[in-house]
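Note that the coordinates shown come from a computational prediction; the quantities given were computed from them, not determined experimentally. The basis for the numbers below is simple: all heavy atoms, side chains too, and nothing from hydrogens, waters or symmetry mates.
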Amino acid sequence: MNDSTKSTSRKWFKMPHTYVILIFLVLVAAALTYVVPAGEFDRVEDAATGKTLVVPNSYHEVESNPVGIFSIPKLIVHGLIDSADVVFFILIIGGTFEIISSTGTIEAITGRVARNFSNKGRWVIPIFIMLFSIAGFTMGMSTEVMVFVPIGIAVARALGFDALTGTAMVSLGASCGFTAGILNPFNVGLAQSIAEVPMFSGAWLRVILLICLIAVTSLYIIRYAGKVRANPEKSLVVDLEREVESKELDLTKLPRMQVKHYLTIIVIIAGFATLVWGVSKKDWWMEELAALFLTMGIVSGFCAGYGPSRVATEFVKGAKAITYGALIIGFARGIMVVLDQGSVIDSIVNGLSVLVGELPGPVQVLGMYLFQNVMNIFITSGTGMAVTTMPIMVPLADIIGVTRQTTVLAFQLGDGFSNMILPTSSALMGSLAVSGIPYQKWVKFFWPLMLMWIVIGAVLMVVAHMINY
């Protein structure tokens, strides 16, 4: 094969643009509306939780409503509108962190961290993972983690790693905690309530799960980060790193801490403390959090001595830089809009639940685990999947002899693992939007770790079934 043929071959197999991948998935979803029979479950409002629950055994077919190809552009726009809160949240975060970054505070902090950990920088990775796992298993941090990604990236780069390392040690840390869900009211708490088992019971096994996830994830990221530190050309995002001028700065010459930096830190700490209080006590979500970060950005700018015009200039600069990633979330949401428009989501849920019931006894518990993982592709919301699948899986578990606690475990594992690889996950796509990491690069980095996570989950599912957890 000559050089021109090799070059043509490489071009032919080049990974498509992220937007092309998403459009292709939208087309696949539209095709499913012609193949999968339309159907739906009856739903009732649960007086105790206020949630709309699926009525078991109520699935019935409805009139087919396939999505035509000419409707797809409109449905993609519908997806953008549906995800507007997340999209604008990301734009505001981008503007806010550009203001904070322009003050030099992050450089000053990371310079100090880099000097203190110059010979033992890898310890930062498990520290970050443990800290963010706490936020994950208590307040259910998932989408919100994107606001911390820039800090993780700055610290990672200061220690000789790359943006992928910084993003991973923050987002995967929160994902470990969210999946373990020791005290997470949004996934485990709700699922246990539906399954009618004591709230947050069985925490001991979830603690073991958390320890396993943190250990495996820390070792995986440390191994990758070590390769990057030894040879920056081995970074999966080497092109992104070459664009960062500060990457080549002498860390000993980074700005020293000044009054404006301390004031900015105070604003950030106060803002994050307010975030934790608002999410855990006041049920804050995107609208309130976006307003909080907008305020943080403006106040940080004033603390650095900026005038109103400088604050506005830096904000627009940051929002502009993150537009590409922010719009990805809306396109990904279009996939679910198409499936919903074609009335095939419930049909997919029903078909998968029937398959689990047909499996041999010893394999059924793994079938439930697989079912929940597959369902997370279609319903990425933890609360949404809980109210959709748990009313179906609980009666099924009673019939096949699986404990309800094990059924909750299958749900939480299925709800958590694949969130870090699905393009429909706002937590993942938001973090990638903030970091500037292409989705394809993230998949290449994460898929081996995801397989390890899935194996850990499968082992725990079998153990839970064996001990009648």
Side-chain angles (χ1 to χ4, degrees), residues 85-86 88-116 124 127-128 131-132 134-135 138-139 141 143-158 166-167 169-171 173-174 246 254-322 326 430-431 433-435:
D85 54 349
V86 179
F88 282 104
F89 183 48
I90 291 174
L91 292 175
I92 289 174
I93 289 173
T96 295
F97 273 98
E98 182 63 32
I99 296 172
I100 294 174
S101 178
S102 69
T103 66
T105 301
I106 295 177
E107 287 82 354
I109 295 174
T110 53
R112 174 172 291 185
V113 171
R115 287 187 288 270
N116 291 339
V124 171
I127 290 173
F128 265 65
L131 286 175
F132 284 98
I134 294 173
T138 53
M139 55 182 268
M141 176 178 284
T143 306
E144 305 93 334
V145 76
M146 70 182 75
V147 305
F148 299 93
V149 167
I151 296 176
I153 292 174
V155 171
R157 282 175 170 159
T167 301
M169 66 188 190
V170 172
S171 59
S246 61
L254 286 174
R256 297 285 177 175
M257 296 295 292
Q258 301 175 22
V259 173
K260 66 177 182 179
H261 299 147
Y262 286 110
L263 291 176
T264 302
I265 291 173
I266 291 172
V267 172
I268 293 173
I269 293 175
F272 286 156
T274 304
L275 180 149
V276 173
W277 171 79
V279 171
S280 60
K281 300 296 183 180
K282 296 295 182 179
D283 295 326
W284 282 7
W285 193 231
M286 291 299 175
E287 184 176 346
E288 294 84 359
L289 295 180
L292 172 63
F293 279 99
L294 180 60
T295 303
M296 284 175 57
I298 295 173
V299 175
S300 295
F302 290 155
C303 287
Y306 294 170
S309 294
R310 175 68 186 279
V311 171
T313 299
E314 296 295 340
F315 180 87
V316 171
K317 180 181 177 182
K320 179 181 177 181
I322 209 169
S431 295
V434 171
S435 65

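Interatomic distance, CD1 of I99 versus OG1 of T313, reported as 9.5 Å (0.5 Å rounding). The OG1 atom of T105 sits 7.5 Å away from the NZ atom of K260 when rounded to the nearest 0.5 Å.
Residues S300 and T103 come closest through the heavy atom pair O-CG2, 4.2 Å. Closest non-hydrogen pair, V149 versus S435, comes out as CG1-CB, 4.0 Å. Residues S431 and S171 share a closest heavy-atom pair of OG-CB, 4.0 Å. Here the closest heavy-atom approach between residue Y306 and residue F302 is recorded as O-CD2, 3.4 Å. Closest approach of L292 to G271, counting heavy atoms only: CD2-O, 3.4 Å.
Of the possible polar contacts, one joining the T96 side chain to the F293 backbone as a donor-acceptor pair under 3.5 Å is found.
Identified under the salt bridge (Lys or Arg N to Asp or Glu O under 4.0 Å) test for residues 289-300, with sequence neighbours left out: none. Note on residues 92-101: pairs passing salt bridge (Lys or Arg N to Asp or Glu O under 4.0 Å), not counting sequence neighbours, are E98-K317. Each salt bridge (Lys or Arg N to Asp or Glu O under 4.0 Å) pair with one or both residues in residues 292-314, not counting sequence neighbours, appears once here: R310-E314.
Applying the side-chain contact (heavy atoms from CB on, under 4.5 Å) test to V299 and every residue at least two apart in sequence or in another chain returns V267, T295, C303. In this structure L91 satisfies the side-chain contact (heavy atoms from CB on, under 4.5 Å) test together with V87, F88, I322, T323, A326, sequence neighbours excluded. For L294, the side-chain contact (heavy atoms from CB on, under 4.5 Å) test picks out I92, I298, F315, with sequence neighbours left out.
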